[in-house]
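The structure displayed is predicted, hence computed values, not measured ones. First listed ligand is number 1; within each ligand, the first listed atom is number 1.
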Amino acid sequence: MKRMIIGNQAIAYGALAAGVDVAVGYPGTPSSEVLNELFAYSKRNNQAPYVEWSVNEKVAFEIATAAAWTGKRALATMKMSGANVAADSILSVAYSGTKGGLVLYIADDPGAEAGMPEQDTRVFALWAGLPVLETTSPAQAFTMCRFAFELSEDTGLPVILRSVTSVAHAQEVVEADVSYHPRERTPEFERDISRFTKAGSVICLNQHRELLSKLDKAGSIIHRRGINRVVRPGGTLFAVGVGSVNPYLMESLPPEGEISAVYMESSYPLDSLLIGEVLEHAERIVVFEELEPVVEMLIRSEAERKNFKGSIIGKMDGCLPRVGKYTGKEILKGLASLKGEPVCEETDAVELTVKHPITFCAGCPHRGTYMSLNRALKKTKLGKGETIVTGDIGCTILGMNPPFDSCWTEVSMGSSIGLAQGFFRAGVEKPVVATIGDSTFFHAGIPPLINAVQHRADLLLIILDNGWTSMTGFQVNPGTEEQFQRGPAKKVSIDRIVQGIGVDALKVIHPFDQEQAVDVISAALLGEGVRVIIAREECALTRGRRGPWEKIYDIEPGVCAFCKACLRETGCPALLVKSREGKQVMWIAPELCTGCGLCFSCCSFDAISAKRR
Ligand code: SF4
Ligand code: SF4
């Protein structure tokens, strides 16, 4: 049946068609929709794979690995930075290999649309020694996902299926078979320490040799299957496109015969047989790939081995950029250079224009937490802008933007707590505040908190607990209320974890109760040792989906002095400026207001009041 789907849905359908038994992951843009789709499928159908949002990518990969070691087919999904978290296990499992198909779906983000480093998974794959299959469109992603499971079983290696934002979120009408074809295998796992442990150098070296020979085998299979191919034979000028750039390349090619086009749908190991043929016939080659010059480097090395006399154009000669995503512009430039037309200009970073700061949604409890933190910094005279506040990954980092201007740093999952300890150890005199969301705390915040307690650091940690992993699409996390967990899953208590670690003080605040929140934060700022505050209130969007708000707020235009204090302090998107009888007044959009009352706490003219919806 034909249907309009995005690339990530296509990956999910490909995994179902391949009979995946276990699908696990950690949410991260642009990869999250794969598991969302598998969850939706499992809700609608009795026969479905086991699907889980794991506590982090490392745990997810380990679950998938063990399932695959029993002969089942398993999928682990994550964004590129998640691979760093799972790296320890991925590199070790690469040595051990797999029995059932083990596919690692990693989505990169050229252009950094989700705001992280432009990390290229192919560099990671070179390091791990794992084959990489590329996606170019939703339709192709569906078939490539199925092939990834086959390749994994045929080689005995985990296979990386790589996507990028422009494919993961691209829409296409696809003839996709949305049905599940489980293989009905009985799970079997035999003890084999030479394969499943690293007990001694002989075992490790043998496993390394084995990995390299499996990688060679992967290269042969990929070549035989025609995954990479000359799609349009032409003259002696060759344009090589890798993965996501291929649709742009096809659109930009000049009339038939002038340039030969080569489609690469796998980037590692290099299809050296195909590239060998290209090198035999080419006078000049241009390589198009987003991010790092991985395939270009491999082609250059093959060219040197074969004593290629022609020229290779790409990133390494400065013609094409290493920064940002590719569009037709880069392709046209590379093709022109291939034809020897204009001289390459310097293309550097893609220019980003930031139109307005991104802020919290109307009714977001994190707004209340940062407001109370700023108010407490004022009350204690420690001063906003003078007290270091480390931020973390997820919605909570929006506290770096106006009007809060709270967070000073954002590094990686859980890093706010480690960085806070570093600032303290460096001798920063004022108290250091770390902020982190609930999901991020579960993911990577617990070890640095243990470290802080063990080494008697002095810091205030605020855990902004909205009960969901909201920024990536409202996935559950271990702290989500049990009624919203899937199946028999149990809620894990942040409070008990924090208490169990042995912090010096723990308090819970409710971010919409500003009086209480400011008092508690003020006392904690002036305290000593490891102090933890849990700011607890559910995400406004998940709460809002369950039914209307009991009350909203309204502004009496005749009373409003238009001092803008409410807007200045909250930055709430429901607060708008309106013209009334020739003068400007503040106005609350009733369809956006959730009745959190934060603006009410800012108005000294009594212009804001609650009303029943
Ligand atoms: S704080 Fe009160 S008086 Fe000032 S703009 Fe807002 S509603 Fe009007
Ligand atoms: S009560 Fe005020 S701050 Fe809260 S959502 Fe409504 S307008 Fe925004």
Side-chain angles (χ1 to χ4, degrees), residues 356-379 384 395-407 435 437 462 464-468 470-471 474 509-519 521 535-613:
H356 56 80
I358 310 164
T359 191
F360 298 114
C361 309
C364 175
H366 302 336
R367 170 174 289 107
T369 304
Y370 286 110
M371 277 174 67
S372 50
L373 173 60
N374 283 344
R375 285 172 168 176
L377 287 170
K378 193 172 173 193
K379 184 176 165 184
K384 171 180 153 184
C395 296
T396 58
I397 193 58
L398 296 180
M400 71 185 165
N401 286 335
F404 317 103
D405 300 313
S406 298
C407 306
T435 60
I462 304 180
L464 295 92
D465 176 15
N466 70 358
W468 297 86
S470 297
M471 197 172 227
F474 316 104
I509 59 169
H510 301 285
F512 299 143
D513 182 347
Q514 284 289 293
E515 212 178 316
Q516 179 244 10
V518 174
D519 284 350
I521 295 177
R536 178 163 291 138
E537 193 72 55
E538 189 183 352
C539 166
L541 297 189
T542 56
R543 160 61 192 85
R545 286 173 176 186
R546 294 200 299 277
W549 302 94
E550 296 81 42
K551 62 173 181 185
I552 56 172
Y553 280 76
D554 196 16
I555 296 176
E556 179 55 57
V559 183
C560 174
F562 199 53
C563 69
K564 298 191 212 160
C566 51
L567 185 61
R568 240 190 348 259
E569 208 179 344
T570 69
C572 176
L575 285 163
L576 303 168
V577 176
K578 215 178 177 185
S579 191
R580 190 175 176 271
E581 292 167 7
K583 70 168 192 155
Q584 289 197 309
V585 288
M586 200 57 74
W587 178 70
I588 292 176
E591 69 281 7
L592 294 179
C593 181
T594 69
C596 75
L598 288 175
C599 56
F600 171 80
S601 74
C602 308
C603 183
S604 23
F605 294 88
D606 289 335
I608 306 179
S609 58
K611 66 174 187 186
R612 290 231 151 274
R613 193 181 275 278

Is there a side-chain contact between [X] and [Y] (heavy atoms, below 4.5 Å)?
X: V585; Y: I555; result: no
X: H366; Y: L398; result: no
X: S601; Y: M371; result: yes
X: E550; Y: R612; result: yes

[atom] [closest protein heavy-atom partner, distance rounded to 0.1 Å]:
atom: atom 2 (Fe) of ligand 1; answer: C603 SG, 2.4 Å
atom: atom 3 (S) of ligand 1; answer: A561 N, 3.3 Å
atom: atom 8 (Fe) of ligand 1; answer: C560 SG, 2.5 Å

Given 3.5 Å as the limit, does a donor-acceptor pair link the side chain of [X] with the main chain of [Y], or not?
X: Q516; Y: H510; answer: yes
X: Y370; Y: T396; answer: yes
X: K384; Y: L373; answer: no

Relative to the heavy atoms of [X], which atoms of ligand 1 are at a distance of less than 4.0 Å?
X: I555; answer: 7 (S)
X: C563; answer: 1 (S), 3 (S), 4 (Fe), 5 (S)
X: F605; answer: 3 (S)
X: K564; answer: 4 (Fe), 5 (S)

Who are the salt bridge (Lys or Arg N to Asp or Glu O under 4.0 Å) partners of E537, not counting sequence neighbours?
none
Determine, for W549 and R543, whether the Lys NZ or Arg CZ falls below 6.0 Å from the six-membered ring centre while staying within 45 degrees of the axis.
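Yes, R543 sits over the ring of W549.
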Atoms of the protein (N/O/S only) found under 2.8 Å from atom 2 (Fe) of ligand 2:
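Less than 2.8 Å away from atom 2 (Fe) of ligand 2 sit C599 SG.
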